[in-house]
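Counting starts at 1 for both ligands and their atoms, following the listed order. FYI, the numbering just counts along the sequence from 1.
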Amino acid sequence: YWVSRDEVDKLLRAGEGWLKDHPARETISKRYLAHQRRYVSEALSRLIEEDDPNLEQREETQAADEAALERVLNLNEQRLEAVLRHVAAATPSRVVDLGCGEGKLLEKLLKIRTITAIAGMDVSPMQLERAARRLRLDRMPECDRERLTLFQGSLLYRDSRLNGYDVATLVEVIEHLDAPRLAALERVVFDCARPRHVIVTTPNAEYNALFPKMSPGAMRHKDHRFEWNRNHFQDWAEGIAARHGYSVALDAAGDSHPEYGPPTQLAVFTLEEDAA
Ligand code: SAH
């Protein structure tokens, strides 16, 4: 993939008004510019030029961004590992990742050979395309290709394609839905599809106090409709479990803070007739 300097201009044009202040501006720039260091640093300096004409300060800012970013990347990884541990504990043969995004979890699930059917569902065709590219669907060995299905669908509508799974995962998905729509998701997943286990992760809003650049009440991502504190998540999870015949166990991902708790909250729902 060929990146020329025009791409820097294109990136800055497309990012006008938001990229400069985006916490992940560096990752976004790196990805867009295919990790070509010279262009990435040009883009980043041009992005923050107006803010910090002072070079030293600019470099400090970049270093701080990088550190913040690394913490984020690390959290991503820790979250996926936590989810995988719970998936593995359920010894499933069929797993569906709901709101699979670009397929990072799918990639890891494929490595668990005892899982014979893996599905990724997302409402966004663009995300599904990214997943297909990331997983190199077109070049995937037949034995893996047979195990994997990607399909477009919405968690707000009952869908028979979601039936028959041992585990369903919802990793950082619920907070992307308007709160009133969670009732629809609840019906679709816990009433219609009824997998043996459902694993849900979502940010812990309390932990946001530890992100230096976040103002109080702000959310981690512009597309988040809500971020819950631990009590709220627990109430939601216990309500669902009680209404649909599941038990629920709460867990977390990432390093926990003594006062604010973990960065990511996690719930594992288990169908009660199965737990018996
Ligand atoms: N699970 C992935 C992606 C999280 S981002 C990860 O952890 O990386 C949230 C994802 O949910 C996005 O890919 C978005 O397209 C998807 N999504 C949002 N609303 C949805 C809906 N109603 N049905 C299915 N997917 C949805």
Among all the protein's non-hydrogen atoms, which is closest to [atom], and how far away is it?
| atom | result |
| --- | --- |
| atom 13 (O) of ligand 1 | D122 OD2, 2.7 Å |
| atom 26 (C) of ligand 1 | V123 CG1, 3.5 Å |
| atom 23 (N) of ligand 1 | L155 N, 2.9 Å |

Could you walk me through whether D144 and R139 pass salt bridge (charged side-chain N to carboxylate O under 4.0 Å, His left out), step by step? CA-CA 10 Å; D144 281 343; R139 273 176 282 165; over 6 Å; no

Working note: Q265 + R230, criterion side-chain contact (heavy atoms from CB on, under 4.5 Å); need CA distance, chi angles, decisive distance, verdict. CA-CA 7 Å; Q265 326 196 55; R230 283 171 287 174; 3.4 Å; yes

Heavy atoms of the protein only: does one fall short of 4.0 Å from atom 1 (N) of ligand 1? yes

Check whether more than 12 heavy atoms from other residues, nucleotides or ligands sit under 6.0 Å from atom CZ of R147, and answer yes or no. yes

Salt-bridged, E102 to R133, with N to O below 4.0 Å? no

May I ask you to decide whether D178 forms a salt bridge with R225, counting only side-chain N to carboxylate O separations under 4.0 Å? yes

State if H176 counts as touching ligand 1 under the rule of any non-hydrogen atom under 4.0 Å. yes

Can you sort out which atoms of ligand 1 are near [X], meaning under 4.0 Å from one of its heavy atoms?
| X | answer |
| --- | --- |
| C100 | 2 (C) |
| V171 | 1 (N), 2 (C), 4 (C), 6 (C), 7 (O) |
| E172 | 4 (C), 5 (S), 9 (C) |
| Q127 | 13 (O) |
| G153 | 23 (N), 24 (C) |

Option among I199, L155, L177, D97 that satisfies the side chain to side chain contact (heavy atoms under 4.5 Å, CB included) test with L170: L155

Please say whether K104 places an N or O atom under 3.5 Å from an N or O atom belonging to ligand 1. no

Is the ring pair F269/W236 parallel, tilted or perpendicular, if the boundaries are 30 and 60 degrees? perpendicular

Side chain, backbone, both or neither: which part of L177 comes within less than 4.0 Å of ligand 1 when only heavy atoms are counted? side chain

For T201, run the side-chain hydrogen bond (donor to acceptor under 3.5 Å, both in side chains) check against E175, H86, E172 and tell me which one passes. E172

Out of S154, G99, S124, who gets a non-hydrogen atom closest to atom 11 (O) of ligand 1? G99

Would you check if there is a donor-acceptor pair between the side chains of N208 and E227 at a distance under 3.5 Å? yes

